[in-house]
There are 2 protein chains.
Amino acid sequence: MPTDKVPDIVVGRLPLYLRTLNYLIEEGYEIVSSHELGRRLGISPAQIRKDLSHFGEFGKQGAGYDVKYLSSQLKHILHVEGVWPVALVGCGALGHALANYNGFVTKGFEITLIFDNDPAKIGQVVAGKVIHDVADMPRLICEHGIRIAIVAVPSSAAQATVDVLVRCQVRAILNYAPINISVPPGVQVQNIDPAVHLQRMTYYL
Amino acid sequence: MPTDKVPDIVVGRLPLYLRTLNYLIEEGYEIVSSHELGRRLGISPAQIRKDLSHFGEFGKQGAGYDVKYLSSQLKHILHVEGVWPVALVGCGALGHALANYNGFVTKGFEITLIFDNDPAKIGQVVAGKVIHDVADMPRLICEHGIRIAIVAVPSSAAQATVDVLVRCQVRAILNYAPINISVPPGVQVQNIDPAVHLQRMTYYL
DNA sequence: TCTCTCTTGTGAAAGCAATCACATACTCCT
DNA sequence: AGGAGTATGTGATTGCTTTCACAAGAGAGA
Ligand SMILES: NC(=O)c1ccc[n+]([C@@H]2O[C@H](COP(=O)([O-])OP(=O)(O)OC[C@H]3O[C@@H](n4cnc5c(N)ncnc54)[C@H](O)[C@@H]3O)[C@@H](O)[C@H]2O)c1
Ligand SMILES: NC(=O)c1ccc[n+]([C@@H]2O[C@H](COP(=O)([O-])OP(=O)(O)OC[C@H]3O[C@@H](n4cnc5c(N)ncnc54)[C@H](O)[C@@H]3O)[C@@H](O)[C@H]2O)c1
C-alpha cells in the first residue's frame, strides 16, 4: 500500500535501515528477516515491516528481504542512488575533518565546494579541493546547482551563512554550529551538537 | 507536579532549552515567556510548559521564566552543574577537532583523557593533553573515574572499543562511528553520523 | 502432493505525545 | 486600589506511533 504521506519519523529511520543493510551485504548476507534487522538496530520487527509497508512490498513471506534489493529500493526512496554535490562552509578543525572524511561518497554525497572567509585559508587545497572565498559562494553554488550544504562556521556567523545559502537555492542544511537557525518553509535542517547529545545522557547518570 | 517518570523525548529537549536560555542570558534577557522560547526553538509554547511541568514550577504567571534561574534549574536536572571528565578514544581528524573544541566546558564537559592505538600518535600532545595508548585505557579510565566517553575510531574498531569502555564503568557513550553498537542495559548511547542526517533530508528533495 | 514452519503485510488495539483551553495568578498602568 | 492584560500549569482532548495478532504466501522435506 504505497505512499500516502509518510511520517517524518519513519523517513528518519530509513537511513539507519540502509546503513545496516549495506553492512549485511559486506558480510555476505543475501536474505534478512525483519527480526534480524530489528535485532541489529534495536528496533522491533513489527516496526520495520510497518515502516517499509509505507513504500511498497519488498519482502517475501516465509523468507524475508533480499538484502541487495531492499538496499537499492531504500536508496531510490531516499534519493541517494547517485551522488549529490555538497558545499562545505567553514574549513576550520571540523571542516577539515569533514572534507577529508571518506565515508560520504558511498552514502550518496561528495563535498565539491569548500568556502571560508579567512584570507589565510582561501586558496589553500584541502582534500584535493581549493578553499574558495565566501564572497564567491552565491555564484559558485548557483553554477554548480548545489542543493545541499554543511555549515561548520562559528555560531555567530551561522544564521547569516544559512540565509545566503537559502537564497542560493540550497534546500538541505546540515548545521554543526550550536545554535538554532531559522529557515523558510521547504528548507530542511538537521543539527549536530555533541554537547546536546552528551547532556541527553547525563540526565540518566 | 514533579517527577513521575519523565519520557525520554522530554529529556531530549531539555538540552535545547538550556542552550537557548544561555544565549538569552548573553543577550541580556532576564525574563522569557514560553512563547518567545518556543519561537526561537520552533516548538509550541504549550509543549515547553508541559515539558518543564514534569520537573516543577519554574515560571511566574503573568510574567514568564527567570532566564538565569531556569537555566540553573535545567543544569541541575541534567546533572551538568559541574564539569564531567570525558575520555576521547581515537585521535584522528575528527578526534583532533573534538579535542580542540572549546564549546564543551561551558556545557559541562571536558576531555581529560585521549587514547589512540597508533604508535606514531601515542605520546603526542593534542590540546594540551597527551595521547595515551589504548592499552592503558582500562587503568586510566578507572583511576580517573570516567563515566563518559566519545568514540571516534574506525567502524571496525568501534564495538570492541565500546566493550572495553563498558567494562571500565563508562555509562554514557557518544559514538561517531557509522555503525550500530550494542551495549548492556543501563548504558546510554548517542550516535552521530552526518551521512544519516543528510539522507534524512534528501528524501524531501 | 501434503504438511509444517517460517515470515511478511496489515487492520485493530494500545500506548504515547502534542495541543487545546481555561482557571489561576501576577504585572502594569492609571 | 482596581481593572486590563498577560502568561503559567494542567486536565481533557486530539492526534500520532508502536505493538499486537493473524491471514496469507513461500519454501523445505517426506
Ligand atoms: N571542532 C569540533 O569538534 C566541533 C564540534 C561541535 C561543533 N562545532 C562547531 O562547528 C563550528 C566549527 O567548529 P571548528 O572547531 O571547526 O571551528 P574553527 O574556528 O576551527 O573553524 C571555523 C572556520 O570558519 C571560518 N569562518 C568564520 N566565519 C566565517 C564566515 N562568515 N564564512 C565562512 N567561513 C567562516 C573560519 O575562518 C574558520 O576556518 C563551530 O560552530 C563549532 O561550534 C565544532
Ligand atoms: N572525519 C569526519 O568528519 C567524520 C565524520 C563522521 C564520522 N566519522 C567517523 O569517525 C571515526 C573517526 O573518523 P576520522 O576521520 O577521525 O578517522 P581517522 O582515520 O582520521 O582517525 C581514526 C583514529 O582512530 C585510531 N584508531 C584506530 N583503531 C583504534 C583502536 N582500536 N583504538 C584506538 N584508536 C584507534 C587511529 O589510529 C586514528 O588515529 C570513524 O569511524 C569515521 O567513520 C568521521
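Just so it is clear: chains get the letters A, B, ... in the order the sequence lines come, proteins before strands, and each one is counted from 1.
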We want to know whether [X] and [Y] form a side-chain donor-acceptor pair, criterion being a heavy-atom distance below 3.5 angstrom.
| X | Y | result |
| --- | --- | --- |
| B:S34 | B:R49 | yes |
| A:D163 | A:Q159 | yes |
| A:Y23 | B:N180 | no |
| A:E26 | A:N22 | no |

Between the protein and nucleotides 26-30 of chain C, are there any N/O to N/O pairs under 3.5 Å, and if so, what are the atom names and distances?
residue, atom, partner, partner atom, Å
C:dC26, O4', B:Q61, O, 3.0

Protein-nucleotide distance ([X], atom [atom1]; [N], atom [atom2]), rounded to Å:
| X | N | atom1 | atom2 | answer |
| --- | --- | --- | --- | --- |
| A:E57 | D:dA24 | CD | P | 14 Å |
| A:L52 | C:dT7 | CG | P | 16 Å |
| B:H54 | D:dG11 | NE2 | P | 11 Å |
| A:F58 | C:dG9 | CZ | P | 9 Å |
| B:K5 | C:dC16 | NZ | P | 10 Å |

State, yes or no, whether a side-chain contact exists between A:F104 and A:I150 at a heavy-atom distance under 4.5 Å.
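A side-chain contact exists here, since the closest heavy-atom pair is under 4.5 Å.
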
For [X] and [Y], work out which heavy atoms get closest and say how close.
| X | Y | value |
| --- | --- | --- |
| A:D116 | A:G92 | OD2-N, 4.2 Å |
| A:P194 | B:Y101 | CG-CE2, 4.5 Å |
| A:H54 | A:P7 | NE2-CD, 3.9 Å |

Take atom NZ of B:K129 as the centre, draw a 6.0 Å sphere, and report whether it contains more than 12 heavy atoms from other residues, nucleotides or ligands.
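Yes, NZ of B:K129 has more than 12 neighbouring heavy atoms, counting only those of other groups under 6.0 Å.
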
Got a list of protein N/O to nucleotides 13-16 of chain D N/O distances below 3.5 Å?
none

Criterion side-chain contact (heavy atoms from CB on, under 4.5 Å) against A:L205, the qualifying member of B:I148, B:L78, B:V80
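Single side-chain contact (heavy atoms from CB on, under 4.5 Å) partner of A:L205 among B:I148, B:L78, B:V80: B:I148.
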
Any B:R13 side-chain nitrogen or oxygen under 4.0 Å from OP1 or OP2 of C:dA17:
no

OP1 or OP2 of D:dA26 under 4.0 Å from side-chain N/O of A:Y65
no

Does anything in residues 17-51 of chain A come within less than 4.0 Å of DNA chain C? Heavy atoms only, and list the residues if so.
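Those residues are A:S33, A:S34, A:R49, A:K50.
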
May I ask you to decide if B:L16's main-chain N or O and B:T20's side chain share a donor-acceptor pair within less than 3.5 Å?
yes

